[in-house]
Every structure is written in structure tokens, then in C-alpha cells.
Amino acid sequence: MFGRPARFVARAPGRVNLIGEHTDYNDGFVLPMAIDREVTLVGAPREDRVVRVHSLDFDETLTFGLDFIPREAAGRWGNYVRGVAAVLRDAAFALTGFDAVLKGDVPMGSGLSSSAAIELATLMAFKAAGEAAGRPLDARLDGELAARLAQRAEQRYTGVQCGIMDQFIATLGVEGHALKIDCLDLTHEAVPMPAGARIVVIDTGASRALAASAYNTRRAECEAGAALFRAQTLRDVRYADFVARREGAEGPVMLRVGHVLLENQRVLDAVEALKRGDLEELGLLMSHSHQSLRDLYEVSSDALDAAVDIAEGVEGVYGARMTGAGFGGCAIALTREDAVDALREAIEAQYPQRTGLTPKVFVCRANAGASYRLLDAAAG
Ligand code: GLA
């Protein structure tokens with residue numbers, strides 16, 4: 001593509017969230033897992049301050065200089081690359097330009113955080129390019145800071161006031177494990193995924209229209225909810241105080257608060273269930289989470305509800321829920337290993353009839369977070 005050998009490979013995974021939805025920006029708990037669907041950048045450093053990235057999926061080349069990085073139109077993949085470059089530059093990291101090709105198999109716009117995968121793969125490419133050119137980036141750009149900067153890039157270049165979950169798991173995911181994250185202080189714990197259980201992704205095939213504006217509205221409602229309780233964030237609101245105040249209080253804010261408080265507890269319970277290998281309990285918690293996101297947080301959709309409903313009717317499925325921000329995108333199901341085929345058949349038979357949409361069903365495995373490696377100059 002660029003007429004010279006590649007010097008590095010940088011990669012970052014997508015994710016599913018097992019439970020803990022819309023809790024991250026409320027300083028709550030989440031339990032995501034990085035998946036074996038990734039974005040990969042293969043490239044080489046440049047001697048000037050230019051970045052060129054060619055997307056094989058879109059057959060498009062993005063070119064910009066590190067000193068002036070304007071946004072593109074909303075929704076374009078280039079914004080994630082540009083956003084990361086701008087945020088790293090503004091945080092005073094001395095960046096090296098590079099040429100790279102980009103390819104991914106994280107479904108886009110499906111709630112599996114393809115955007116965080118591009119962001120972290122780009123960040124790793126900057127680390128790799130610096131090292132390959134003999135100008136390594138400051139070692140302080142470790143996992144946690146990398147996740148925070150990528151989150152800032154997403155917020156600035158897409159306008160979505162996202163939490164930290166997606167970028168954190170894309171950076172710090174552990175192979176074979178889910179990651180419990182306390183979003184208050186970013187302490188985290190890797191919890192092994194039990195053998196014999198499978199996480200099946202059901203892509204509803206429905207686009208996530210209005211997701212960005214509805215997401216920001218939910219976030220504002222949670223802030224209003226915290227203010228009602230004179231708390232900094234919903235993490236500081238006690239359930240008993242909520243119950244006392246709920247009587248007679250109508251409207252969306254109280255519904256959102258109710259979801260967040262109970263969802264936090266469900267994450268803690270889910271972690272314990274996972275540690276015990278109690279998949280029945282974990283599945284039940286996932287199903288309760290879905291109901292709460294549907295009825296209290298109001299971020300599900302008819303397509304997601306249909307996918308979850310069909311999945312829950314299959315023998316050997318422990319539970320199912322939407323994953324990610326919602327408003328379309330993907331659902332996940334926790335299943336016994338030997339129930340995967342029956343689940344796939346049920347979805348393929350019933351879902352198109354109920355929704356008029358074509359689903360995609362695939363099993364995912366817990367993957368490691370973002371990384372890079374240098375290639376031998378001669379090997380290319
Ligand atoms: C999106 C955001 C995350 C999180 C989820 C909902 O994926 O990027 O920060 O808020 O929605 O749990």
C-alpha cells in the first residue's frame with residue numbers, strides 16, 4: 001500500500017458487557033469482557049508529522065498532519081483516529097507520524113465498541129511508531145491513562161459523553177476473563193469465565209438511530225437524579241433514601257435512578273455468581289438487567305426485546321440482555337456450551353419473522369486488551 005515494509009502491528013479488541021449498563025458514568029460497577037473481534041493497524045513510522053491510514057474495509061485513505069486535526073462529518077471512522085491523535089498531542093506526548101493499513105472485524109455501529117477498538121489500536125500504533133523510529137512515547141502512557149485519553153477522544157470527536165468502560169476494557173482486558181471495574185476509582189479485578197459456558201452475541205441488525213442524543217439525555221437525567229439527593233454522583237445515593245423519596249415522585253429521573261442503584265448491586269452479585277460458577281444466578285441477573293434497561297432506563301428497542309425473548313425461550317440459555325448503550329445494536333446470551341446451536345436456530349427461525357430484520361449470531365471468547373509488536377525491519 002505505501003511502498004515500504006511494515007514495522008509494527010497494533011491491535012485492540014471490541015467488547016461485550018456482561019452486566020452493569022449505564023452505570024460507568026455514574027461512578028458505578030461494570031463487568032465487561034474484551035472479545036475476539038479486533039481492529040488491527042499494520043504500519044511503519046514516518047519522518048515527518050503526517051499520519052496516513054488506509055481502511056481496507058472502507059477502501060478509503062485518511063491523511064492529516066499532527067499540527068492541525070479537524071473533525072470529519074459525524075459518524076466517520078476517521079474521527080476516532082483523529083481524535084486520539086489530537087488528544088495525545090494536547091496531552092504533550094511527542095508523536096511520530098506513520099503510514100498504516102487498518103482492518104477490523106468488530107461489527108460497526110452495533111454496540112460492541114468498534115470505536116474504542118479503533119481508538120486503542122490507533123493509540124498503540126502511536127506507541128509502536130515512536131518506538132520503531134527510536135523516539136518512544138513517555139512511559140506514563142500506561143493502561144489507565146491510555147483508556148482515559150481514548151475516552152476523551154471519543155467525547156471530543158463524536159460528541160457522545162461516554163463513560164470509561166469501553167476504552168478501559170479495550171485496554172486492560174484479560175484473556176479468558178471478564179473484568180469487574182469500579183468506575184469510581186478504576187480499581188479492577190479479572191474474574192475467570194467458567195469453562196462450559198458460552199457468550200453468544202445476537203446482532204439485531206437494527207441501526208442505533210438517535211443513540212448519541214438519547215445517551216447524553218440519560219446522562220443528564222442521572223446528574224439531575226444525583227442532585228435531587230444532594231449527592232455528587234449516584235454512587236453516593238443509598239437505596240433506602242431512594243425508596244423513601246420515590247413515593248409520589250413521577251417522571252423519568254426517578255426511574256433512571258432506580259435502574260442505576262439496582263444495576264450496581266446486580267454487578268456485585270454477578271461477580272460473586274461468576275466466582276462460584278453459578279451460571280443460573282448469573283443468567284437471572286442478566287435477564288433482570290435487561291428488564292430494568294427496558295422499563296426503567298428505557299434504552300432497549302423492539303428488536304433487542306425480541307432477541308432477548310427468543311433467547312430466553314431456548315433450553316440451556318441461562319439468561320440474555322442487551323449489551324452496550326442500547327437503542328439497537330447487540331444482545332448477548334449466556335448459554336450452556338451444548339445449547340449454542342439450538343439458540344442460533346431459534347434466532348434464525350423466529351427473529352426475522354418477528355422483526356423483519358436479519359440477525360447475525362456468533363460466539364465470542366474473552367480476549368486480551370490492546371497491544372502492539374514491532375516487526376523485524378528486514379522481515380517487514
Ligand atoms: C456506551 C458507552 C459506555 C457505557 C455504555 C452503557 O458503550 O461508551 O461508556 O456508558 O454505553 O453502559
Side-chain angles (χ1 to χ4, degrees), residues 12-35 37 75 79-80 83-84 106-120 144 147-173 178-184 186 188 201 203-204 208 210-223 225 233-235 256 259-264 266-267 270 285-286 289-290 292-294 296-301 304 321-332:
R15 65 101 186 88
V16 292
N17 186 18
L18 298 184
I19 197 161
E21 217 67 82
H22 291 279
T23 46
D24 62 348
Y25 52 82
N26 290 302
D27 284 353
F29 300 106
V30 292
L31 186 63
M33 131 190 157
I35 60 173
R37 299 271 185 142
N79 280 328
Y80 305 116
V84 167
V106 188
M108 275 170 291
S110 297
L112 299 180
S113 290
S114 57
S115 58
I118 301 182
E119 287 152 11
L120 269 308
E144 191 176 315
R148 281 189 191 281
L149 292 173
Q151 175 196 22
R152 192 180 301 166
E154 171 119 13
Q155 292 182 341
R156 243 208 249 164
Y157 270 65
T158 69
V160 178
Q161 294 306 307
C162 66
I164 189 73
M165 170 170 72
D166 303 343
Q167 288 78 17
F168 200 89
I169 188 66
T171 312
L172 288 149
L179 200 67
K180 175 199 167 197
I181 309 164
D182 181 343
C183 299
L184 177 63
L186 296 187
H188 50 283
V201 176
D203 189 337
T204 60
R208 296 190 303 153
L210 296 177
S213 65
Y215 186 94
N216 290 345
T217 306
R218 292 299 178 286
R219 199 171 168 148
E221 287 166 345
C222 289
E223 280 160 18
T233 71
L234 291 181
R235 178 66 175 270
R256 312 298 186 243
H259 164 76
V260 171
L261 299 189
L262 290 174
E263 184 80 350
N264 274 330
R266 277 190 287 268
V267 177
L285 290 162
M286 289 171 66
S289 168
H290 183 79
S292 180
L293 288 157
R294 184 191 61 202
L296 302 183
Y297 218 71
E298 299 179 284
V299 291
S300 189
S301 67
L304 285 165
R321 60 185 290 279
M322 51 158 276
T323 195
F327 318 102
C330 289
I332 54 168

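All values below come from the heavy atoms of this structure, side chains included, with hydrogens, waters and symmetry mates left out. No experiment lies behind these values; they were computed from the predicted model shown. We count ligands from 1, going down the list as the structure has it; atoms in each ligand are counted the same way.
The nearest pair of heavy atoms linking Ala325 to His22 is O-NE2, 2.9 Å. For Val267 against Gly20, the heavy-atom pair with the smallest separation is CG2-CA, 3.3 Å. Between Asn264 and Phe29, the closest heavy-atom pair is OD1-N, 2.9 Å.
In this structure Ser113 satisfies the side chain to side chain contact (heavy atoms under 4.5 Å, CB included) test together with Arg15, Ala116, Asp166, sequence neighbours excluded. Among residues two or more places apart in sequence or in another chain, the side chain to side chain contact (heavy atoms under 4.5 Å, CB included) test is passed with Ser300 by His290, Arg294, Leu304, Asp305, Met322.
Between Arg15 and ligand 1, at least one pair of N/O atoms sits closer than 3.5 Å. For ligand 1, one of its N or O atoms has an N or O atom of His22 under 3.5 Å away.
Atoms of ligand 1 found under 4.0 Å from any heavy atom of Gly163, numbered from 1 in the order shown, are 9 (O).
The closest protein non-hydrogen atom to atom 5 (C) of ligand 1 is Met165 CE, 3.8 Å. Distance from atom 3 (C) of ligand 1 to its nearest protein heavy atom, with residue and atom name: Asp24 OD2, 3.3 Å. Given atom 1 (C) of ligand 1, the protein heavy atom at minimum distance is Asp166 OD2, 3.6 Å.
Partner of Gln167 under the side chain to side chain donor-acceptor pair (under 3.5 Å) criterion, out of Arg148, Glu119, Gln151: Glu119 alone.
Contact annotation for Arg219 and ligand 1: no heavy atom of the residue comes within less than 4.0 Å of the ligand.
Nearest-residue assignment for atom 11 (O) of ligand 1 (options Tyr297, Tyr215, Tyr25, Phe168; heavy-atom criterion): Tyr215.
For the pair Arg256 (side chain) and Glu223 (backbone), a donor-acceptor distance under 3.5 Å is absent.
Heavy-atom separations between Gln161 and ligand 1 are all 4.0 Å or longer.
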